[in-house]
Chemist: 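Encoded as structure tokens, here's the structure I'll be asking about.
Atom set for the values below is all heavy atoms of this structure, side chains included, hydrogens, waters and symmetry mates excluded. Note that ligands are numbered from 1 as they come in the structure, with each ligand's atoms numbered from 1 the same way.
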Amino acid sequence: MQRDAPSFGRGSVTCRVAVIEGVGAYIPPTIVTNAQLSEQLDTSDEWIRRMTGIQSRNHNGVDSATSDLAAEAGRRAMAHAGVQAVDMVILATSTPDFRCPATAPSVAAMIGLGTVPAFDVAAVCAGFVYALALGNSVIRSQMADRVLVIGADSFTSIVDPNDRKTAVIFGDGAGAVVLGAADGNCGGILATDLGSDGSFAHLIRVPAGGARAFSSSDPTMFDNPYFEMEGKQVFAEAVKAMTESSKRVLKGAEWSNDTVDHLIAHQANLRILNIVADNLGISRDRAVLHLDKVGNTSAASIPLAMAYAAPRIQQGQRLLLTAFGGGTAWGSVALTWSNNYALEGVSNVGDI
Ligand code: COA
């Protein structure tokens, strides 16, 4: 269905904001349950559920990479918004198809978007929030009228399938939103908060494959192509960063905690979600839970959770997004669910 662009005119709009016009999601069809992982690894369904809340995740097939996931989510978001063109594509990913070049131009070409500017943002699990904040600025500054923001990751390409500490946590997937420009009365993205702390870069990393490995005298840097994570410290830093960033963005939007309708936090671990909700004084039943079905999908986590929750979100409701990831990097966004047509019946997201 083709829809008209949101009404705004560059000359007449006093407060131009970015609104979500459509959402889309795609996860590869192969479901891997905790029971299946327990057959290959020294782990159990009980441990994984108790420690993470995850029940299953999805893995890419041999013929699928990050661009394939991203393009499908992007197509679905555009179909949902009823638009056939965008002015820019921003892809959040830390598992690009190639170390060089960026993956976003391929995604734009796969969707048939012509020669629009397209680039990657690498902030690991905080990537989508970074990309969304950037898309918001691009629209507010009138650099573009419509931006496709995608979060996509294929962590199965970097996780050691024999490492029980990480293999049980991550899954593959992609989620996307179409951001459009609208009059401020329509709501939209009201406040953003981004931050990083590179002194914690060692907590989450893939040692091999980057410039550091080639310039290092440590041969183990060169040899280890797999993702490494200091789980306990990541847990503590994630709780702290998401709590503090959320508080800053709530202040920026001038919202009190009890007015948040939906907390969409990075889907890393159920225990982290609960602690962050408790720290913020937001009732746990307002925290969207999707990780049980798909695990931690890194940059895809927030848009996937948003697409999953979309049928239950009503026009004008307040959403608080917050994420933390490697870098370390974190970010939060306060937004109101879009004005009129955009988000009725997100039928395209399927059973996610
Ligand atoms: N199955 C069974 N046992 C496991 C296991 C698994 N999959 N993974 C680890 N264990 C074992 C450990 O070997 C350890 O055993 P030991 O006590 O005999 O040495 C024990 O469980 C505790 O391991 P530990 O790593 O100390 O547990 P933890 O309390 O830190 O929980 C995580 C592990 C990964 C669940 C937790 O650290 C976590 O969720 N961290 C955040 C990860 C995350 O969200 N990352 C993304 C953020 S962007």
Chemist: Using a strict cut-off of less than 4.0 Å between a Lys/Arg side-chain nitrogen and an Asp/Glu carboxylate oxygen, indicate whether D145 and R16 qualify as a salt bridge.
Modeler: yes
Chemist: Could you list all the ring-ring contact (aromatic ring centres under 6.0 Å, His included) pairs where at least one residue sits in residues 227-252, not counting sequence neighbours?
Modeler: F155-F227, F170-F227
Chemist: What pairs meet the salt bridge (Lys or Arg N to Asp or Glu O under 4.0 Å) rule with one or both residues in residues 45-63, with sequence neighbours excluded?
Modeler: D45-R49, E46-R50
Chemist: Indicate yes or no: does R146 engage D87 in a salt bridge with an N to O separation below 4.0 Å.
Modeler: no
Chemist: What residues sit with at least one heavy atom under 4.0 Å from ligand 1?
Modeler: D42, T43, W47, M51, T52, C125, R164, K165, V168, I169, M229, G231, K232, V234, F235, H266, A268, N269, R271, I272, N296, F324, G325
Chemist: Salt bridge between D278 and R284, side-chain N to carboxylate O under 4.0 Å?
Modeler: yes
Chemist: Quick one: side chain to side chain donor-acceptor pair (under 3.5 Å) pairs with a partner in residues 64-73, sequence neighbours left out?
Modeler: N60-S64, T66-T95, T66-S154, S67-D97, E72-R75, E72-R76
